[in-house]
Trainee: 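Please find one structure pasted underneath; my questions will follow.
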Amino acid sequence: MRVVTNETISWRRLGRVAREALAAIGLMLLAYLAAGLALGAIPRATVPMPEAGADAVTIFVESSAIHTAIILPKQAAGIDWRDWAPGQDLRDPRYAGFPFLAIGWGEAGFFRETPHWRDVKPGTILRAALGSDRTLIHVDHLPLPRANGKDVRMLRLSPDAYRRLVGFVQSSWRRGGSHYPGYDVYDAFYDANGRYSAAHTCNSWTGDALAAAGVRMGWWTPFPWTVMGWL
């Protein structure tokens with residue numbers, strides 16, 4: 001006959017609690033995914049976007065498995081980004097000669113600790129999801145991008161729409177803050193404004209920025225595909 005001790009009962013209870021906790025976390029993640037997909041499919045009300053004419057500004061939106069960024073020309077429609085992201089902030093200032101900037105916003109720990117998908121750790125995700133005021137702007141200096149219909153999409157904006165987009169991006173950039181080395185020789189990080197959380201992710205920031213310009217966008221865009229699906 002098998003003897004059931006208090007220690008055995010304790011381990012069984014611990015195992016049951018662990019299974020219940022994992023099930024609850026799984027349900028929360030599924031609910032979050034479902035909410036993102038549902039709300040990302042509902043168009044939000046945006047300002048009217050003037051039709052792009054001969055003076056339209058070409059921008060791009062790029063996406064990876066977890067992150068989106070907006071690619072803007074360094075000089076267009078009276079906007080000059082060169083003082084915002086100068087060459088001396090790069091490990092190799094020669095890359096400042098490229099004519100475009102890829103600009104993304106996100107949580108500082110997540111940004112700096114996860115240069116690749118393989119670097120993502122559950123603890124990093126949890127800390128960011130719970131909320132963080134430590135946010136950064138990530139800037140890559142790029143040559144002319146090539147839209148491919150998949151992870152890089154091209155948009156044409158009127159000068160007024162472009163300036164509204166720029167106003168949103170610049171309001172997220174903490175002018176006078178610090179800058180930090182990037183992942184490579186052609187990028188850098190800058191202190192940002194705003195609070196990151198599961199409700200306000202790097203991708204919802206991209207969606208909000210595009211919506212500010214009048215681009216048709218979902219009500220909530222927490223995932224890359226909830227942004228790219230509208231472009």
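Computed from a prediction, not measured in an experiment: that's the story for all the values here. In this chain, numbering begins with 1 at the start of the sequence shown.
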Trainee: Keeping Asp187 on the side-chain end and Gly182 on the backbone end, is there a donor-acceptor pair under 3.5 Å?
Mentor: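 Not at all, since once roles are kept as given, no pair shorter than 3.5 Å links the two residues.
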Trainee: Distance-only, no hydrogens or angles: does the Arg153 side chain make a donor-acceptor pair with backbone N or O of Leu231 under 3.5 Å?
Mentor: yes
Trainee: How about Glu62 and Asp151: do any of their side-chain heavy atoms sit closer than 4.5 Å?
Mentor: no
Trainee: Do Asp92 and Leu90 come within less than 4.5 Å of each other through their side chains, counting heavy atoms only?
Mentor: no
Trainee: Tell me, do Trp230 and Leu210 make a side-chain contact under 4.5 Å, heavy atoms counted?
Mentor: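 They are not in side-chain contact.
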Trainee: In this structure, which one of Phe60, Phe100, Tyr162 forms a side chain to side chain contact (heavy atoms under 4.5 Å, CB included) with Leu72?
Mentor: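 That would be Tyr162; it is the only one of Phe60, Phe100, Tyr162 passing the side chain to side chain contact (heavy atoms under 4.5 Å, CB included) with Leu72.
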Trainee: Measure the OG-CD1 distance between Ser172 and Ile103 for me, rounded to the nearest 0.5 Å.
Mentor: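 Rounded to the nearest 0.5 Å, the OG-CD1 separation comes to 10.0 Å.
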Trainee: Can you tell me which residue pairs pass the ring pair (Phe, Tyr, Trp, His ring centres under 6.0 Å) test with a partner in residues 134-155, sequence neighbours excluded?
Mentor: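 Counting only pairs at least two positions apart or across chains, the ring pair (Phe, Tyr, Trp, His ring centres under 6.0 Å) contacts touching residues 134-155 are Phe111-His138, His138-Tyr183, His138-Phe189.
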Trainee: Is any side-chain heavy atom of Trp84 closer than 4.5 Å to a side-chain heavy atom of Arg175?
Mentor: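 Touching, per the 4.5 Å side-chain cut-off.
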Trainee: Run the numbers on Asp191 and Leu136 for side chain to side chain contact (heavy atoms under 4.5 Å, CB included), then give the verdict.
Mentor: CA-CA 5 Å; Asp191 283 335; Leu136 295 174; 3.8 Å; yes
Trainee: Flag yes if more than 12 heavy atoms outside Glu51 fall under 6.0 Å of its CD atom; otherwise flag no.
Mentor: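 Incorrect, the count does not exceed 12.
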Trainee: Using 0.5 Å steps for rounding, measure from the OH atom of Tyr196 to the CZ atom of Arg134.
Mentor: 13.0 Å
Trainee: If you look at every heavy atom in Cys202 and His67, which pair is closest and at what distance?
Mentor: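 Closest heavy-atom pair between Cys202 and His67: SG-ND1, 3.2 Å.
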Trainee: Using side chain to side chain contact (heavy atoms under 4.5 Å, CB included), reason through Arg195 and His200 one step at a time and then give a plain yes or no.
Mentor: CA-CA 7 Å; Arg195 180 174 177 80; His200 185 46; 5.9 Å; no
Trainee: Please say yes or no: joined through hydrophobic side-chain contacts below 4.5 Å, possibly via intermediate residues, are Met154 and Val152 part of one cluster?
Mentor: yes
Trainee: Could you state the interatomic distance from CH2 (Trp205) to OG1 (Thr221), rounded to the nearest 0.5 Å?
Mentor: 11.0 Å
Trainee: Pair Val61, Met228 - check side chain to side chain contact (heavy atoms under 4.5 Å, CB included), show working.
Mentor: CA-CA 8 Å; Val61 181; Met228 304 301 281; 3.8 Å; yes
Trainee: With hydrophobic residues grouped by side-chain heavy-atom distances under 4.5 Å, do Leu101 and Phe98 end up in a single group?
Mentor: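 No, separate clusters.
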Trainee: Would Thr68 and Thr206 count as having a side-chain donor-acceptor pair, cut-off 3.5 Å?
Mentor: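 There is such a pair (donor and acceptor under 3.5 Å, judged by atom type) between the side chains of Thr68 and Thr206.
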Trainee: Would a 4.5 Å heavy-atom cut-off, applied to side chains only, mark Ile79 and Arg163 as touching?
Mentor: yes
Trainee: Just wondering, do Pro43 and Arg216 contact through their side chains at under 4.5 Å, heavy atoms?
Mentor: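 Side chain of Arg216 against side chain of Pro43, heavy atoms only: contact under 4.5 Å found.
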Trainee: Would you say Thr201's side chain and Ala198's backbone share a donor-acceptor pair under 3.5 angstrom?
Mentor: no
Trainee: For the pair Asn203 (side chain) and Ile66 (backbone), establish whether a donor and an acceptor sit closer than 3.5 Å, ignoring hydrogens and angles.
Mentor: yes
Trainee: State, to 0.1 Å, how close Ser63 and Pro224 come at their nearest heavy-atom pair, and which atoms those are.
Mentor: OG-CB, 3.4 Å
Trainee: If you look at every heavy atom in Val139 and Ala85, which pair is closest and at what distance?
Mentor: CG1-CB, 4.1 Å
Trainee: So, does Arg44 use its side chain to make a donor-acceptor pair with the main chain of Ala211 at under 3.5 Å?
Mentor: no
Trainee: Determine whether the side chains of Glu107 and Thr135 contain a donor N or O and an acceptor N or O closer than 3.5 Å.
Mentor: no
Trainee: Between Asn193 and Ser171, is there a donor-acceptor pair closer than 3.5 Å when you use the side chain of the first and the backbone of the second?
Mentor: yes
Trainee: Can you name the nearest heavy-atom pair linking Gly36 to Pro222, along with the distance?
Mentor: CA-CG, 3.8 Å
Trainee: Which residues satisfy the side chain to side chain donor-acceptor pair (under 3.5 Å) test with Tyr190, sequence neighbours excluded?
Mentor: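 Asp89.
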Trainee: For a 4.5 angstrom cut-off between non-hydrogen side-chain atoms, does Leu165 reach Leu157?
Mentor: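 The answer is yes, as the side chains (C-beta and beyond) meet within the 4.5 Å cut-off.
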Trainee: Atom CH2 of Trp173 and atom CD1 of Ile137: how far apart are they, to the nearest 0.5 Å?
Mentor: 6.5 Å
Trainee: State, with a plain yes or no, whether a side-chain heavy atom of Trp105 is found less than 4.5 Å away from one of Ile70.
Mentor: no
Trainee: Taking Ala212's backbone N and O only, do any of them form a donor-acceptor pair with Arg164's side chain (distance below 3.5 Å, no angle check)?
Mentor: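 Looks like yes, one N/O pair under 3.5 Å.
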Trainee: Just by distance, no angles: are the side chains of Thr226 and Trp220 close enough, under 3.5 Å, to form a donor-acceptor pair?
Mentor: no
Trainee: Shortest non-hydrogen contact from Gly87 to Ala96?
Mentor: CA-CB, 3.4 Å
Trainee: How far apart are the C-alpha atoms of Asp83 and Lys74, what are their side-chain angles, what is the distance that settles it, and do they pass the salt bridge (Lys or Arg N to Asp or Glu O under 4.0 Å) test?
Mentor: CA-CA 10 Å; Asp83 288 339; Lys74 287 186 178 177; over 6 Å; no
Trainee: In a check of side chain to side chain contact (heavy atoms under 4.5 Å, CB included) between Ile59 and each of Leu155, Val166, Ile71, which one passes?
Mentor: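 With Ile59 as partner, Leu155, Val166, Ile71 yield a single side chain to side chain contact (heavy atoms under 4.5 Å, CB included), made by Leu155.
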Trainee: How many angstroms lie between atom CE of Met217 and atom CD1 of Ile42, to the nearest 0.5 angstrom?
Mentor: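 Those atoms lie 14.5 Å apart.
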Trainee: So, does Asn148 use its side chain to make a donor-acceptor pair with the main chain of Lys150 at under 3.5 Å?
Mentor: yes
